[in-house]
Amino acid sequence: MSPAEMKELFLILYDKITNLAAPGYEDTEIVTFLNKAQLQFVKHRYNSKGNKYREGVESTEKRRKDLSELHRNAELAGGTSNTSGQIGTLPNGEFFDLPDEFLYTLMEEVIINDTDDCFNGNRIKVKPITHDEYNAYINNPWKKPDETMAWRLDFSQDPLGAQEIRHEIIVGENISVRSYIIRYVKSPRDIDIINNISSELHDSVHEEIVDRAVTIATGITDPQSYQIRKTEEQVTE
């Protein structure tokens with residue numbers, strides 16, 4: 001669906017809900033609603049707790065298709081010479097700056113080196129942990145990182161903010177990271193009516209984005225109708 005078609009559908013649905021009684025919106029306002037709705041849609045689809053059926057990003061065929069256009073790969077080299085960028089790491093930890101477009105992790109692994117050359121080039125899994133888990137398990141030889149598993153700590157929880165987005169990878173003793181491999185969901189590019197920039201998401205979800213945009217706009221001009229639409233979304237999602 002083109003941006004112009006999304007705008008047209010927005011106006012039709014918005015006028016229908018408000019019975020033509022609400023004030024109109026300019027293109028710049030409509031595109032704001034569409035982009036806010038698009039980002040809400042992505043977050044909603046990624047988080048299984050954020051939708052009625054508790055379905056995660058890849059739990060069904062439909063959900064795999066919903067965000068597939070936003071999947072990206074990155075391989076980040078370890079052993080950076082920029083020591084100032086590594087200030088504050090935990091023992092055996094290394095910071096990795098993620099792509100600017102990064103939003104959510106789908107899958108991650110590291111390729112390792114070790115001082116004894118026994119595991120050089122091995123590709124091992126990465127386990128996301130919390131800082132509380134780090135404190136609880138770092139001295140437990142049965143749970144701490146080794147040649148089969150690395151840990152990942154989130155250093156930034158603001159994927160759309162101005163600060164750098166980083167993961168800290170922690171490996172076992174005498175092991176270093178050759179490269180950090182990550183597959184992720186990127187932030188969707190903005191829809192732009194004026195410059196005819198369409199949504200990156202699959203065509204099958206464009207109407208859902210418009211529906212969400214209408215709900216957001218209705219919440220400003222007609223709170224009662226907004227509550228009705230929110231209830232309908234929870235039932236039909």
Side-chain angles (χ1 to χ4, degrees), residues 35 38-51 53-80 82 85-86 88-113 122-138 143-172 175-190 199-202 205:
N35 285 316
Q38 178 176 240
L39 186 57
Q40 282 186 3
F41 177 89
V42 172
K43 292 180 176 180
H44 186 85
R45 287 299 188 267
Y46 182 83
N47 181 10
S48 63
K49 294 181 180 179
N51 57 77
Y53 299 111
R54 299 296 189 266
E55 294 174 346
V57 64
E58 293 187 311
S59 59
T60 66
E61 178 70 15
K62 180 183 185 303
R63 291 196 175 273
R64 287 193 290 274
K65 291 287 192 298
D66 284 349
L67 299 185
S68 61
E69 305 295 333
L70 301 181
H71 293 182
R72 298 292 186 273
N73 294 316
E75 183 167 351
L76 310 174
T80 177
N82 180 17
Q86 297 298 318
T89 57
L90 295 167
N92 299 322
E94 183 175 350
F95 287 135
F96 288 86
D97 294 336
L98 302 177
D100 292 339
E101 63 184 7
F102 172 87
L103 191 60
Y104 297 120
T105 304
L106 288 171
M107 184 192 74
E108 53 195 329
E109 297 176 306
V110 293
I111 298 175
I112 60 172
N113 291 326
N122 280 14
R123 190 163 175 153
I124 65 174
K125 62 183 179 180
V126 174
K127 179 181 179 181
I129 65 166
T130 66
H131 286 81
D132 284 342
E133 289 172 325
Y134 174 90
N135 289 329
Y137 300 138
I138 191 58
K143 293 188 176 181
K144 63 191 301 185
D146 56 20
E147 70 278 4
T148 65
M149 181 184 66
W151 283 351
R152 182 254 288 174
L153 286 167
D154 292 332
F155 194 70
S156 169
Q157 292 292 343
D158 184 16
L160 296 182
Q163 63 183 335
E164 288 184 333
I165 311 161
R166 287 180 158 187
H167 283 170
E168 183 174 8
I169 301 298
I170 300 171
V171 292
I175 292 174
S176 62
V177 177
R178 181 187 298 182
S179 60
Y180 174 38
I181 300 163
I182 183 169
R183 178 168 292 182
Y184 60 94
V185 177
K186 70 180 287 290
S187 299
R189 75 183 175 207
D190 283 347
S199 170
E200 290 180 279
L201 293 169
H202 197 274
V205 304

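Every value quoted in this text rests on a predicted model; they were computed, and no experiment measured them.
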What is the minimum heavy-atom distance between [X] and [Y], and which atoms define it?
X: Val126; Y: Pro128; result: O-CD, 3.6 Å
X: Pro145; Y: Ala150; result: CB-CA, 4.4 Å
X: Ile112; Y: Glu147; result: CD1-O, 3.9 Å
X: Leu39; Y: Pro188; result: CD1-CD, 4.2 Å
X: Pro99; Y: Ile165; result: O-CD1, 4.1 Å

Inset, instruction - State which residues pass salt bridge (charged side-chain N to carboxylate O under 4.0 Å, His left out) with Arg178; sequence neighbours excluded, sorted by chain then number. - result: none
Legend entry - Contacts of Arg123 that satisfy salt bridge (charged side-chain N to carboxylate O under 4.0 Å, His left out) - sequence neighbours left out: Glu109
Does any non-hydrogen side-chain atom of [Y] lie less than 4.5 Å from one of [X]?
X: Arg72; Y: Phe102; answer: no
X: Tyr180; Y: Leu98; answer: yes
X: Ile124; Y: Met149; answer: no
X: Lys186; Y: Leu103; answer: no
X: Phe96; Y: Val177; answer: yes
X: Leu67; Y: Leu201; answer: yes

Inset, instruction - For Glu94 and Gly79, indicate whether the former's side chain and the latter's backbone hold a donor-acceptor pair under 3.5 Å. - result: yes
Legend entry - Check: Ser199 main-chain N/O paired with Gln38 side-chain donor or acceptor under 3.5 Å: no
Give, for atom [atom1] of [X] and atom [atom2] of [Y], the distance between the pair rounded to the nearest 0.5 Å.
X: Leu70; Y: His202; atom1: CG; atom2: NE2; answer: 12.0 Å
X: Leu153; Y: Thr130; atom1: CG; atom2: OG1; answer: 8.0 Å
X: Lys144; Y: Asn92; atom1: NZ; atom2: CG; answer: 8.0 Å
X: Asn35; Y: Gln40; atom1: CG; atom2: CD; answer: 11.5 Å

Legend entry - Output field: ring centroids Tyr184/His167 closer than 6.0 Å: no
Legend entry - Trp151 and its side-chain contact (heavy atoms from CB on, under 4.5 Å) partner, picked from Ile138, Ile169, Val171: Ile138
Legend entry - Ile182 and Met107: CA distance, side-chain angles, deciding distance, side-chain contact (heavy atoms from CB on, under 4.5 Å) verdict: CA-CA 6 Å; Ile182 183 169; Met107 184 192 74; over 6 Å; no
Legend entry - Candidate pair Asp146 and Thr148, rule side chain to side chain donor-acceptor pair (under 3.5 Å), full reasoning: CA-CA 5 Å; Asp146 56 20; Thr148 65; 2.6 Å; yes
Legend entry - Residues Arg152, Asp154: salt bridge by 4.0 Å N-O rule: yes
